[in-house]
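Since the structure comes first, as structure tokens, the remarks are kept for the end.
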Amino acid sequence: MFRATTLFALVIIACAPKPPPPVVTITATDFAFVAPDTVPAGLTTLRLLNQGSEPHQAVLFGAPGKTFEELEAAAAPQASMDEWWRAFLALQPTFPGGPGVVMGGDSSIITAKLARGNYEIVCFIPSPDGRMHIQKGMFRRLVVIRAGARAAEPKSDVTVTLSDFAFATSSPLTAGTHTIRVENSGLQLHELTIERLAPGKTVADWQRWLAGGGTGEPVSVPVGGFAGLDAGK
């Protein structure tokens, strides 16, 4: 007589934690970008360093099936602003997000999910002469290539939801360092720009300044944000 014995081996596999997203530095000057030619697809942290004398942003946009020449021709304003914007939207551009506006000597850092394809890095901020920086040659080509290891999404402590047309925060913002998750629940493109009011100025002062075309002495200073975010992202 014999006894049949079955042995089971229990193997416990420890899953390694996902690495943080790779950091890509974009340096802005008056009026050009210095950045890598290629970046990996997937979650990528984009760090804008403004080394210029004017405020700058780094908007990323692409359009499936379009060449770099077509992207650049559509992005540079040629006619009236309304005509240009309509023609630009006809290109059906996609905006995965980019670092928002900061002054010279400051930086703006965001993390976005980039899909493979061709993109342009552009700055739409106008100079005191009224011409946008892109019209002065401030654009750069960027190719998003196949991704490597999957990165972990940064852990946020505040969520800001964008809609048509309002902002909603999951909790009040306090002084200090925060990682803000930005969600666009609207039906169209939105962005999040953070402005620090000048001493003694109010939101009403800022609204009057904006209604006046943003001319004259600014009543606030841009301190970053999320430039462009497609609906549902």
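Every heavy atom of this structure was used, including side-chain atoms; hydrogens, water molecules and symmetry mates were not.
- Annotation: the span from Leu48 atom CG to Cys123 atom SG amounts to 8.5 Å, rounded to 0.5 Å.
- Of the charged side-chain nitrogens involved, none lies within less than 4.0 Å of a carboxylate oxygen, so that Glu120 and Lys66 do not count as a salt-bridged pair.
- The backbone N or O of Ala204 sits nowhere less than 3.5 Å from a side-chain atom of Trp209 that would complete a donor-acceptor pair.
- Counted within 6.0 Å of CD on Glu69, heavy atoms from surrounding residues, nucleotides or ligands total more than 12; the atom is thus considered enclosed.
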Leu173/Val158 under side chain to side chain contact (heavy atoms under 4.5 Å, CB included): CA gap, chis, key distance, verdict: CA-CA 8 Å; Leu173 281 172; Val158 178; 4.1 Å; yes

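- More than 12 heavy atoms of other residues, nucleotides or ligands sit less than 6.0 Å from atom NZ of Lys233.
- Follow the hydrophobic side-chain contacts under 4.5 Å out from Leu89 and you reach Phe95 in the same cluster.
- Note that CZ of Arg131 and CE of Met138 are 13.5 Å apart. Values are rounded to the nearest 0.5 Å.
- Between Val144 and Ala41, the shortest heavy-atom distance links the atoms CG1-CA, 3.4 Å.
- Side-chain contact between Gln135 and Pro77 is present, with heavy atoms from C-beta onward closer than 4.5 Å.
- Connection of Val102 to Val160 is established within a shared hydrophobic cluster, with ILVMFWY side chains joined at heavy-atom distances below 4.5 Å, either directly or through further cluster members.
- When all heavy atoms of Gly225 and Ile110 are compared, the closest pair comes out as O-CG2, 3.3 Å.
- Checked by atom type and distance alone, the side chain of Asn50 never pairs as donor or acceptor with a backbone atom of Ser107 at under 3.5 Å.
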Verdict with supporting geometry, Leu46 and Ile109, side chain to side chain contact (heavy atoms under 4.5 Å, CB included): CA-CA 6 Å; Leu46 303 173; Ile109 303 172; over 6 Å; no

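- Taking each heavy atom of Gly186 and Ala231 in turn, the nearest pair found is O-CB, 3.3 Å.
- Panel note: side chain Thr202, backbone Asp205; a donor-acceptor pair is recorded below 3.5 Å.
- Judged by distance alone, the side chain of Glu70 and the main-chain N or O of Thr67 form a donor-acceptor pair under 3.5 Å.
- Hydrophobic clustering, with ILVMFWY side chains joined whenever heavy atoms are under 4.5 angstrom apart, groups Phe226 together with Leu114.
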Side chain to side chain contact (heavy atoms under 4.5 Å, CB included) between Leu229 and Glu191, worked out: CA-CA 6 Å; Leu229 185 61; Glu191 66 178 355; over 6 Å; no

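- Rounded to the nearest 0.5 Å, atoms CG (Leu71) and CG (Leu91) are 6.0 Å apart.
- No donor-acceptor pair closer than 3.5 Å links the side chain of Thr38 to the backbone N or O of Pro36.
- Note that the CG atom of Leu189 and the CG atom of Asn184 stand 7.5 Å from one another [nearest 0.5 Å].
- One side chain, Asp30 or Ser53, offers a donor N or O that lies under 3.5 Å from an acceptor on the other.
- A continuous path of ILVMFWY side-chain contacts below 4.5 Å connects Phe61 to Phe139, so both sit in one hydrophobic cluster.
- A 6.0 Å sphere centred on CH2 of Trp206 holds no more than 12 heavy atoms belonging to other residues, nucleotides or ligands.
- Counted by atom type alone, Thr111 and Thr45 present one or more donor-acceptor pairs between their side chains at under 3.5 Å.
- When atom types are taken as modelled, the side chain of Asn118 and the backbone of Phe68 share no donor-acceptor pair closer than 3.5 angstrom.
- Rounding to the nearest 0.5 angstrom, the gap separating the NZ atom in Lys201 from the CZ atom in Arg208 is 8.5 Å.
- Looking only at side-chain heavy atoms (C-beta outward), Pro40 and Arg146 stay at 4.5 Å or farther from each other.
- In this structure a side-chain-to-backbone donor-acceptor pair under 3.5 Å is missing from Ser220 to Leu197.
- Listed here is the closest heavy atom pair of Val101 and Pro55: CG1-CB, 3.8 Å.
- Counting heavy atoms from C-beta on, the side chains of Pro128 and Glu54 come closer than 4.5 Å.
- The two residues Thr193 and Glu195 make their nearest non-hydrogen contact at CG2-OE2, 3.7 Å.
- Judged by distance alone, the side chains of His190 and Asp230 never bring a donor and an acceptor atom under 3.5 Å apart.
- With rounding to the nearest 0.5 angstrom, the CG atom of Leu192 is 6.0 Å from the CG atom of Leu162.
- Classification of the Trp85-Phe88 ring pair by plane angle, with boundaries at 30° and 60°, yields tilted.
- Two residues are said to be in side-chain contact when any heavy atoms from C-beta on lie closer than 4.5 Å; Ile125 and His56 fail this criterion.
- Between the side chains of Ser127 and Lys136, at least one donor N or O sits under 3.5 Å from an acceptor N or O.
- With respect to the salt-bridge test (charged N to carboxylate O, under 4.0 angstrom), the residues Arg181 and Glu153 qualify.
- Between the Arg141 side chain and the Tyr119 main chain, no donor and acceptor come within less than 3.5 Å of each other.
- Panel note: side chain Asp157, backbone Thr179; a donor-acceptor pair is recorded below 3.5 Å.
- Relative orientation of the His133 and Phe31 rings is tilted, given thresholds of 30° and 60° on the angle between their planes.
- For the pair Val143/Asp37, no side-chain contact is recorded, criterion being any heavy-atom separation below 4.5 Å from C-beta on.
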Residues Val39, Ile145; criterion side chain to side chain contact (heavy atoms under 4.5 Å, CB included); working and verdict: CA-CA 6 Å; Val39 299; Ile145 59 175; over 6 Å; no

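- Across all their heavy atoms, Ala58 and Ile121 have their closest contact at CB-CG2, 3.9 Å.
- Distance alone, capped at 3.5 Å, is enough to place a donor-acceptor pair between the Ser108 side chain and the Gly100 backbone.
- Both Met81 and Val122 are part of a single hydrophobic cluster, where members link through side-chain heavy atoms under 4.5 Å apart.
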